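Everything below concerns the one structure shown next.
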Amino acid sequence: MAVNEAQEMVEVTIDGITTQVPKGTLVIEAARRVGVMIPHFCYHPKLAPDANCRMCLVEIEKMPKLQTSCSMPVAPGMVVRSSVPNVKQARQSVLELILANHPLDCPVCDQGGRCDLQDLSHQYTPTTSSFHELKRVFPKRYFGPLIETQMNRCVTCMRCVRYCDEVMDVKALAASQRGTLTEIVAFGGHELDCEYCGGCVQICPVGALVSRLSMYEYRPWMLKRAETICGYCGDGCHITIQTKNNELIEVNSTFGAGRNNGDLCARGYFGLHASEHPDRLHTPKLRRDGEWVDVPWEEALERVANEFIRIKAAHGPDAIGGLITARCTNEDLYVFQKFMRLVVGTNQLDSSARYGQINAVQALRRVQGTHSWSVAYEDILSADAILLVGTNITETNPITGLKVKEAVKKNGAQLITLEALTSAVGPISNIALLASHHLPVTPDQFGAAVIGLVKAVMEEGMVDSELSSRSPEYVQAISEQIGRVAWSEIEGRTGLPPTSFKESARAFEKADRGVILVGQGVLRAPGGYGITVNLLDLLLLTGKLSRLGCGLAPLSEENNDQGAIEMGAVSEFLPGARDLNDTQGRKELASVWGQEVPAGNGRSLTQMFEDAKSGKLKAMLIVGENPVASLPPGEEVEQALGNLEFLACQELFLTETALLAHVVLPACSYAEKDGTFTNTEGHVQAVRKAIESLGESRPDWEIFSALSVGMGHPIEYENVKAIGKEIRSVIPGARTLGPSPVPPLPDVEQVNHYVQSGFREDLVSRYQLSERGGHGADSLILAVTQSLYHSGKFSTRAKGLLRVQDKGVLSMNPGDAERLGVEEGGGVKLSNAQEQIETPVTLRDRVPEGVIFFPEHFDEKIRRLFRMTLDPQTAVPYYKLTRVKVEKA
Amino acid sequence: MKILLKNMEQPGYTGSLKEYEQTGGYQALRRVVGGMEPNDLIDMVKASGLRGRGGAGFPTGVKWGFIPKDHPGPRYLCCNADESEPGTFKDRQLMERDPHQVLEGIGISCYAIGAQIAYIYIRGEFRLGFQILEKAIQEARQAGYVGKNVLGSGVTIDIYVHAGAGAYICGEETALLESLEGKRGKPRTKPPFPATHGLYQKPTVVNNVETLANLPHIVNRGAEWFSSIGSPPKSTGTRIFCLSGHIKKPGNYEVPMGTTFRELIDEHGGGMRSEKPLKAFIPGGASAPFLTPDHLDVKMDFEDVAKAGSMLGSGGVTVMEEGTSMVWAALRLMEFFNHESCGKCTPCREGSSWIVQILQRIRAGRGRMQDLETLSTICGNIGGRTVCAFGDAEIAPVLSTLQHWRHEYEALIREAEAAHPPKSEIPVLSL
Amino acid sequence: MIFAKYKDQVEELLSRYPVKRSALLPLLYIAQKEEGYVSESAMKEIGKILGLTPPQVYETVTFYTMFHLKPIGKFHLQVCRSLMCALVGSDDLVGWIHRRLGISPGQTTNDKMFTLSAVECLGSCGTGPMMQVNDDYFEQLNEEKVGRILDDLKTHGTCPLKSGPFMFPEPVR
Ligand SMILES: Cc1cc2nc3c(=O)[nH]c(=O)nc-3n(C[C@H](O)[C@H](O)[C@H](O)COP(=O)(O)O)c2cc1C
Ligand code: SF4
Ligand code: FES
């Protein structure tokens with residue numbers, strides 16, 4: 001947690017009210033504290049003062065001229081007056097000057113009704129204007145597919161440009177020309193090409209930048225608002241969904257709100273319409289003689305319940321398996337696992353947290369005894385050094401990325417980036433450009449590079465002396481093991497000389513507060529679990545694991561990956577992420593549930609598919625997951641599921657997986673649900689219903705409940721609150737909702753256990769360079785990765801996001817392209833032992849040479865090139881990396 | 001009394017390093033780097049009373065004194081050679097005719113404030129000056145006056161010329177810094193001031209070319225000598241006045257401060273170019289309020305000109321003869337300011353284009369009496385409320401012509417109202 | 001690629017500043033000299049050299065009047081129109097040029113030889129009326145001189161009437 005340094009206080013008097021504020025506070029903020037609201041346009045607490053609009057002028061005693069309160073820090077004894085006549089006159093005059101060239105087109109302006117210019121004009125009532133000249137008129141230009149500019153309305157406060165630069169580090173907006181002709185444009189007046197975070201639209205105090213998705217759709221006072229949490233990534237941003245007549249209109253987030261502090265990404269700001277896609281399922285469906293027929297809920301539920309009863313009777317409860325998406329709420333996930341365990345009577349259940357998050361949680365549990373971060377966003381902001389490992393942070397966890405940017409840009413943190421990313425300037429921000437130490441590696445070599453860092457720590461005398469004396473055998477064992485890895489080998493793998501590792505390790509080691517962020521590039525790639533444990537070793541060795549403000553922060557990809565694990569919706573854990581065989585845990589659960597947790601091990605999702613293939617598993621309930629489209633076709637999930645006697649799906653859409661089902665039950669999206677999500681930090685946040693359920697769709701937990709009734713073993717709740725209450729009663733220390741999370745501290749006993757013996761079992765394999773995949777001279781590493789504009793497949797139904805990215809295109813370094821003779825937009829042929837496919841190419845400087853990326857949200861074809869391997873310890877399926885031969889098509 | 005123009009007025013003087021050295025050039029630099037304490041140098045310049053020649057007239061030694069002594073990082077000197085103030089053309093002559101005098105001044109200033117790098121920010125249009133300076137720097141570098149080890153003293157002073165690209169506002173010191181950083185030339189909000197947060201947020205001094213050119217002479221001949229020249233104690237030394245407009249002999253004239261305008265115009269400038277008498281003059285560049293024949297005996301020092309309601313500014317003196325339309329003159333300057341407003345702050349950005357439109361309308365015979373009220377009000381709403389001093393500058397021509405020649409405005413408007421009688425105004429509900 | 005052949009010059013320029021972006025205006029000058037105007041590809045190339053996004057380069061470029069975003073005539077006649085020159089006849093100068101070339105400010109001759117602009121003060125108020133042609137100043141102009149300058153430029157590409165190092169008034173010998 002951020003520690004408040006003792007702050008020097010300064011006494012100021014504002015409009016007669018005397019108060020103490022911290023030194024350095026701006027007058028406008030000091031005034032706000034005593035309830036004096038000083039009008040402004042250009043000022044924004046997120047941005048460095050620019051003092052250009054001159055709206056915030058105040059009188060300050062002993063100063064000759066009026067001063068801008070937005071840029072003036074308080075001084076001891078300062079006396080400020082903001083309501084004297086000449087200040088009021090100054091404000092009126094600024095408004096009159098702004099209105100001189102303003103088109104006054106409020107009747108057709110989307111900002112009308114929530115516009116600072118309207119509100120302040122109303123307040124200061126310059127009811128007549130002496131302006132009788134011609135207004136400056138900008139011709140309309142096409143700005144981009146999602147944002148429109150109305151430059152005649154612009155007040156030239158530069159908030160948009162400053163936000164894009166200072167907060168986002170994107171720098172896509174240009175203020176062109178000068179004087180009254182100053183106009184906000186994209187490069188050369190072309191179409192905007194950027195991260196599409198929507199921040200410029202949000203921060204514009206007037207209607208000069210508007211979202212094209214909601215333009216002319218509403219007047220603000222017609223809208224209903226719901227404060228909720230974005231359903232896309234693990235960052236868990238606060239959003240306000242605004243609706244009209246049960247239609248999704250737009251999303252906002254306000255300064256200070258949520259863990260995102262009002263910032264959003266493209267998915268959050270422009271992605272909300274996925275929930276209302278016309279393909280949404282509105283009624284339960286049954287496959288009858290190969291045809292889909294709509295049936296009433298009663299019939300569908302009865303069918304599912306009866307099939308499960310029948311199969312359970314015939315083959316035992318373990319012939320039925322369950323799989324759920326980590327996009328569901330905690331309440332859904334909790335009721336799901338309870339349904340599987342108590343009603344079906346099996347531990348064969350898993351969720352999409354298996355795809356990577358489980359690696360993180362297992363590593364944390366093993367080394368420090370927590371199942372979530374021991375730090376929070378505040379610790380990133382106050383860190384002295386931050387190490388990013390395989391995060392692809394801007395695309396995957398954009399808001400956590402903003403925290404890193406803020407830590408570096410505002411607070412001067414050292415940033416070490418171990419990423420498959422070239423530090424090149426491009427249309428979307430590049431975190432490597434902010435790095436003090438950039439370690440570019442190909443995405444298959446994160447493990448080797450982490451070994452390099454640990455080796456540097458061992459060899460350069462950076463090991464915490466206290467640890468050396470307390471646990472010499474731990475330090476010794478790692479030292480011995482890592483001594484077997486030669487620098488030349490590490491250099492051969494990573495292309496980086498020993499000095500790079502030594503300097504980076506030193507920068508991290510000498511920091512008082514060091515935070516490591518590890519992302520999908522590690523968690524979802526071969527060896528992910530071991531590499532994560534090694535990163536915890538790095539923290540331990542540098543004496544940071546248990547130090548306040550330091551810790552490992554694994555980034556979750558899906559919005560509720562963390563919640564799925566905490567709710568026990570994975571095969572190895574009970575609720576509270578306690579081991580399935582934890583007798584104490586089972587006892588406690590049994591006392592609340594009034595029934596024993598079934599015996600027998602759980603099976604992970606890939607194991608369940610194997611069992612389906614072999615005929616051991618007879619039926620499945622799949623909730624919101626689409627393994628047929630996610631896993632490589634070579635893994636024959638489709639055949640496996642086809643083999644089942646019975647498959648039921650709860651879904652929003654008729655996905656590839658749902659198409660194989662016998663019954664499909666229409667579920668609600670997050671926009672129609674109440675409940676909670678747990679974000680990547682482990683912070684539990686309230687999800688609130690923004691619209692009524694579409695058609696006959698129902699929240700997932702209600703469907704489980706209904707099935708339980710149908711199966712003669714009712715688990716019923718009055719509402720989600722009741723579920724929440726039960727969750728808190730079965731999970732000791734379950735975090736309650738609050739403004740900021742209090743992260744758990746590493747468990748001393750567990751850490752002791754780890755350094756005494758817990759580290760040993762896989763030490764050799766963890767500190768060994770992995771096998772190198774086969775490769776020839778013409779082969780490149782192909783990775784499917786997260787795109788900034790999409791999240792899973794759900795977002796590919798969002799009309800806004802499709803306007804930015806509507807298909808998968810292979811991205812490639814221009815150098816590689818040149819060698820292959822491929823040009824922007826040209827095609828390539830990718831081939832390996834499995835398959836051969838063709839795809840168009842885009843050239844991007846940020847893609848490292850020797851690597852090609854494909855966005856995972858599109859094009860099922862590409863998956864044919866991949867095969868799956870399983871993590872021996874965590875059963876995580878890895879299938880996002882391969883090597884391919886690339887030729888010009 | 002010539003100090004700055006003395007060398008170049010010698011016949012055949014080309015400003016080469018050799019010639020400059022022959023006139024005693026670079027002795028001052030040799031003296032300071034040879035062991036003068038920077039603090040003593042600063043005190044000397046303070047004692048000389050030298051004030052900035054760029055426009056604001058801030059005491060140079062005092063400005064240097066603001067540079068934090070204990071700052072660990074680099075500091076910078078920027079020589080302001082943007083010379084874009086209409087009516088001013090003295091720095092151009094100093095740079096093109098005697099570049100080493102400027103370079104020596106830069107060296108001395110760098111030494112005083114501990115700067116190892118100086119940038120000469122020259123307006124982009126001065127291509128010739130740019131080349132001459134580049135060549136002179138090369139000469140000086142070879143001779144050991146510029147570079148890593150100036151005259152064997154161990155002191156580093158690097159000088160680079162940096163060309164602007166057409167923006168008057170980049171003469172304003174913080175806009176200059178922004179421009180030098182490769183950005184739009186928008187003035188910064190102050191505080192913080194360049195002395196602590198200047199170029200690249202490091203301590204920085206910005207000095208005008210003419211200011212710097214005075215330094216070698218002060219070091220050579222002493223503060224006392226300098227402070228005895230001109231109109232002590234507040235306006236010491238000479239100044240180069242740039243005479244332009246309806247004058248017989250326009251040009252640059254170096255005279256001691258405190259000389260009267262009448263002497264400058266009649267004796268140096270040879271009087272008006274035709275029979276028509278003087279009607280108005282601008283005493284210190286486009287930013288200075290217009291004065292009238294009544295002010296001809298005002299002494300050209302900072303205080304007296306301020307008392308007369310104007311300012312000495314950049315030293316550009318423009319005279320206008322009887323028959324010149326003051327509305328037209330104000331409009332021309334206002335068009336300049338409107339063209340050059342950077343657009344950062346509301347009053348200047350919106351106000352300048354509004355004023356231009358009103359003046360154009362009045363000139364075009366479409367004026368209305370209430371326009372004059374409006375003009376004063378807009379000017380009042382600009383003055384003192386902008387980010388930089390450009391706002392105060394741009395209202396000077398309008399306010400001063402309105403003050404002294406209001407009848408000219410009124411005459412135009414009366415004609416207009418006679419030709420196009422005002423229609424009844426649309427009634428406005430007053431609340 | 002413009003800058004490949006200016007590698008040394010670019011490096012020297014970059015060495016002058018502790019922060020790369022400072023070299024932006026100098027690089028833009030090179031680009032404009034090379035192509036006659038600042039092209040979009042040049043802006044992108046400069047962005048790459050300096051680590052700036054193209055919009056960052058663009059916003060700087062458009063602030064300054066001396067950069068052209070479109071090709072202009074071979075000779076850019078820039079007549080100072082500010083008050084001091086106007087007092088001594090700069091409007092006439094525009095008229096003389098119009099009479100000879102048929103172009104008004106903002107226009108280019110059909111043969112793409114001359115572009116005329118009315119610009120603000122060029123810092124030679126004592127020697128007006130005046131104009132700048134590309135890098136050179138031509139001062140104390142009258143109709144005859146202007147004729148000669150335009151002819152010379154057309155035929156020889158330069159004109160001896162251009163100003164040398166400035167000194168005005170010249171000292172009496
Ligand atoms: C709008 C504006 C334009 C300016 N233009 C110039 C200029 O072209 N040359 C100059 O030396 N100072 C100019 N100044 C003054 C500078 O801001 C600064 O005061 C000066 O360079 C300081 O140097 P000095 O103390 O040696 O005079 C200008 C100021 C303003 C407000
Ligand atoms: S996708 Fe992630 S970062 Fe973007 S708005 Fe949603 S929660 Fe926030
Ligand atoms: S809010 Fe202070 S100047 Fe704009």
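Proteins get letters first, then strands, A, B, ... in listed order; numbering begins at 1 in each. The structure displayed is predicted, hence computed values, not measured ones.
Residues meeting the side chain to side chain contact (heavy atoms under 4.5 Å, CB included) test with C/Pro160, sequence neighbours left out: C/Arg148, C/Asp152. Partners of C/Thr158 by side chain to side chain donor-acceptor pair (under 3.5 Å), not counting sequence neighbours: none found. Under the rule for a side chain to side chain contact (heavy atoms under 4.5 Å, CB included), the partners of C/Met167 that lie at least two apart in sequence or sit in another chain are B/Met8, B/Glu9, B/Gln93, B/Arg97, C/Glu170, C/Pro171.
Residue-environment remark: CG (C/Asn110) stays at or below the threshold of 12 foreign heavy atoms within 6.0 Å.
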Which is it for C/Leu13 and C/Ser15 under the side chain to side chain contact (heavy atoms under 4.5 Å, CB included) test, yes or no, and what are the steps along the way?
-> CA-CA 5 Å; C/Leu13 279 171; C/Ser15 76; over 6 Å; no
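Looking at A/Val161, only its side chain comes within 4.5 Å of chain C, counting heavy atoms on both sides. With a 4.5 angstrom heavy-atom cutoff, A/Ala175 touches chain C via backbone and side-chain atoms both. Looking at C/Leu52, only its backbone comes within 4.5 Å of chain A, counting heavy atoms on both sides. For a residue to count as touching a neighbouring chain, one of its non-hydrogen atoms must lie under 4.5 Å from one of that chain's; by this rule A/Leu173 touches chain C with the backbone only.
Using a distance-only test at 3.5 Å, with no hydrogens or angles considered, no donor-acceptor pair links the side chain of C/Asp136 to the main chain of C/Leu161. C/Gln9 places no side-chain N or O within 3.5 Å of a backbone atom of C/Glu11 that could act as its donor or acceptor partner.
Note on C/Arg81 versus C/Asp91: no salt bridge recorded, every NZ/NE/NH1/NH2 to OD/OE distance being 4.0 Å or above.
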Interface of chain C and chain A, donor-acceptor atom pairs under 3.5 Å:
residue, atom, partner, partner atom, Å
C/Glu40, OE1, A/His190, NE2, 2.7
C/Glu40, OE2, A/His190, NE2, 2.7
C/Lys48, NZ, A/Asp845, OD2, 3.4
C/Thr53, OG1, A/Lys171, O, 2.7
C/Glu59, OE1, A/Ala175, N, 2.9
C/Thr62, OG1, A/Gln177, N, 3.0
C/Phe63, O, A/Arg178, NH1, 2.8

